[in-house]
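Below, chain A is the first sequence line, B the second, and so on; all start at residue 1.
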2 protein chains.
Amino acid sequence: MAKARHSRLDCDPGCSVEAAISLIDGKWKCVILYHLQDGTKRFNELRRKIPAVTQRMLTNQLRELELDGLVDRVVYAQVPPKVEYSLSERGRSLLPIIDALKNWGDENIALFNKRLEAA
Amino acid sequence: MAKARHSRLDCDPGCSVEAAISLIDGKWKCVILYHLQDGTKRFNELRRKIPAVTQRMLTNQLRELELDGLVDRVVYAQVPPKVEYSLSERGRSLLPIIDALKNWGDENIALFNKRLEAA
DNA sequence: CAGCATCCTCCCGGATACTG
DNA sequence: CAGTATCCGGGAGGATGCTG
């Protein structure tokens with residue numbers, strides 16, 4: 001992905017495109033959004049759904065998604081702690097696009113195989 | 001952005017989503033695709049359209065887009081050199097999605113302003 | 001359970017100089 | 001004109017250990 005979170009904004013015409021991408025960029029955000037599609041999930045629940053992610057990154061990505069208003073985070077004041085994550089209204093508005101990306105990816109999966117064998 | 005070009009593929013469910021994103025990720029790819037929308041362009045023509053890009057990065061991104069089959073590159077055997085870039089069939093098939101991203105970005109531009117002032 | 005803090009590595013991407 | 005070559009800093013992201 002790209003790197004600097006804000007450096008994406010210093011171009012002009014594709015600006016809003018880049019801005020939108022910057023929200024779903026980050027190695028795990030799409031996967032997280034994908035898994036929140038079918039309802040609220042707790043932190044470790046997400047970890048189990050995405051085995052390859054580290055706690056650190058899951059926390060980071062969830063915080064960014066929360067700051068960007070794509071995900072809602074609810075903390076229950078109890079011991080042991082309980083935190084629930086769900087898609088916000090705006091997060092849900094992104095789902096069609098994510099879906100379109102998924103479909104495009106599926107239809108063009110040959111690309112990635114080709115790229116893998118080239119590596 | 002993400003970083004490693006292939007590391008995106010080592011997840012399961014959002015896999016094709018991530019794969020698709022990896023193609024349009026990279027700091028300038030969307031802008032390049034955007035500018036190729038209205039026809040074939042030469043190298044320096046693209047440079048002028050995207051003032052902030054360096055030759056190095058423009059070359060890199062164009063090479064990757066070419067390897068990924070999203071852009072066609074035609075070299076004319078003449079002096080001085082002439083190289084033309086244009087969208088491939090597959091590249092054009094991505095345009096609707098890029099457009100959707102742009103629209104979403106436009107509608108949610110407030111987000112980015114908020115993020116900027118937070119930084 | 002749901003994190004935060006720290007260290008460390010890798011590689012993206014900028015700057016600069018050179019070439020067929 | 002359309003690149004390549006090289007050097008370099010910074011930040012993403014992995015591994016590990018600790019906490020309310």
Side-chain angles (χ1 to χ4, degrees), chain A residues 1-11 18 21-32 36 40-67 71-86 119, chain B residues 1-11 18 21-32 36 40-67 71-86 119:
Chain A
M1 193 171 359
K3 309 186 50 184
R5 209 167 154 59
H6 299 283
S7 63
R8 295 185 163 284
L9 301 172
D10 57 10
C11 52
E18 296 290 324
I21 289 187
S22 77
L23 295 183
I24 56 176
D25 194 19
K27 206 174 176 182
W28 305 101
K29 292 190 183 175
C30 277
V31 197
I32 293 173
L36 287 180
T40 298
K41 298 248 181 325
R42 298 182 59 174
F43 186 81
N44 278 349
E45 222 173 329
L46 282 172
R47 282 195 69 185
R48 278 189 297 273
K49 294 273 189 182
I50 316 172
V53 78
T54 55
Q55 310 105 309
R56 187 179 122 84
M57 283 315 293
L58 185 52
T59 306
N60 282 351
Q61 305 279 292
L62 282 169
R63 285 296 175 283
E64 291 194 6
L65 288 170
E66 186 194 1
L67 280 173
V71 157
D72 289 328
R73 177 169 177 263
V74 178
V75 183
Y76 294 86
Q78 64 181 48
V79 180
K82 176 178 171 183
V83 181
E84 286 188 340
Y85 295 93
S86 58
Chain B
M1 178 183 33
K3 307 189 49 184
R5 212 171 150 59
H6 297 283
S7 64
R8 296 186 163 284
L9 301 172
D10 56 12
C11 52
E18 297 291 323
I21 289 186
S22 77
L23 296 182
I24 55 176
D25 195 18
K27 205 175 177 181
W28 306 100
K29 293 189 182 174
C30 278
V31 197
I32 293 173
L36 288 179
T40 298
K41 298 252 179 324
R42 297 181 60 173
F43 187 80
N44 277 349
E45 221 172 330
L46 282 172
R47 281 195 71 185
R48 279 188 298 272
K49 294 274 189 183
I50 316 172
V53 78
T54 55
Q55 313 102 309
R56 187 179 120 85
M57 282 316 292
L58 185 53
T59 306
N60 283 351
Q61 305 279 293
L62 282 169
R63 286 294 176 283
E64 291 193 6
L65 288 170
E66 187 194 2
L67 280 173
V71 158
D72 290 329
R73 177 169 177 263
V74 179
V75 183
Y76 295 86
Q78 65 182 47
V79 180
K82 175 178 172 183
V83 180
E84 286 188 341
Y85 295 92
S86 58

**Asked** Looking only at side-chain N and O atoms, does B:Arg73 come under 4.0 Å of OP1 or OP2 in D:dG3?
**Response**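 Checking B:Arg73 against D:dG3: at least one side-chain N or O falls below 4.0 Å of OP1 or OP2.
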**Item:** A:Arg47 side chain near C:dC1 phosphate (N/O to OP1/OP2, under 4.0 Å)
**Value:** no
Between [N] ([atom2]) and [X] ([atom1]): distance, integer Å:
X	N	atom1	atom2	value
B:Tyr76	D:dG3	OH	C1'	18 Å
A:Asn60	C:dA2	CG	C1'	14 Å
A:Met57	C:dT6	CE	C1'	16 Å
B:Lys29	C:dG13	NZ	P	9 Å
A:Glu84	C:dG3	CD	C1'	16 Å
A:Leu58	D:dG13	CG	C1'	13 Å
B:Trp28	C:dC12	CH2	P	16 Å
B:Glu64	C:dC12	CD	C1'	10 Å

**Prompt:** Could you write nucleotides 15-20 of chain D as a row of B, S and -, 5' to 3', where a protein heavy atom under 4.0 Å of any base atom gives B, of only sugar-phosphate atoms gives S, and otherwise -?
**Reply:** B----B
**Test side chain to side chain donor-acceptor pair (under 3.5 Å) applied to B:Arg73 - qualifying residues, sequence neighbours left out** = B:Tyr85
Could you tell me whether the side chain of [Y] reaches within less than 4.5 Å of the side chain of [X], counting heavy atoms only?
X	Y	result
B:Val75	B:Pro81	no
A:Val31	A:Val53	no
A:Thr40	A:Asp72	no

**Prompt:** Is a side-chain N or O of B:Glu84 found less than 3.5 angstrom from the main chain of B:Arg42, in a donor-acceptor match?
**Reply:**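 Judged by distance alone, no pair lies under 3.5 Å.
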**Item:** Test item: A:Gln61 side-chain N/O and A:Trp28 main-chain N/O as donor-acceptor pair under 3.5 Å
**Value:**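 Side chain of A:Gln61 to backbone of A:Trp28: a pair is present.
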**Asked** Considering only C:dC1, D:dG14, D:dC1, which nucleotide approaches the side chain of B:Arg42 most closely?
**Response** D:dC1
**Item:** Nearest to side-chain heavy atoms of B:Arg63, which nucleotide of D:dG13, D:dG3, C:dG3
**Value:**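 Of the options given, the side chain of B:Arg63 lies nearest D:dG3.
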**Request:** Would you mind classifying the nucleic acid contact of A:Tyr85 as base, sugar-phosphate or nothing, using non-hydrogen atoms under 4.0 angstrom?
**Result:**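 Here A:Tyr85 touches the backbone only, sparing every base.
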**Message:** Need to verify one output field. Residue with the more 5' nearest nucleotide on DNA chain C, B:Gln61 or A:Val83?
**Reply:** A:Val83
**Request:** Begin from the C-alpha positions of B:Lys41 and B:Leu36 and carry the test side-chain contact (heavy atoms from CB on, under 4.5 Å) through to its verdict.
**Result:** CA-CA 7 Å; B:Lys41 298 252 179 324; B:Leu36 288 179; 3.9 Å; yes
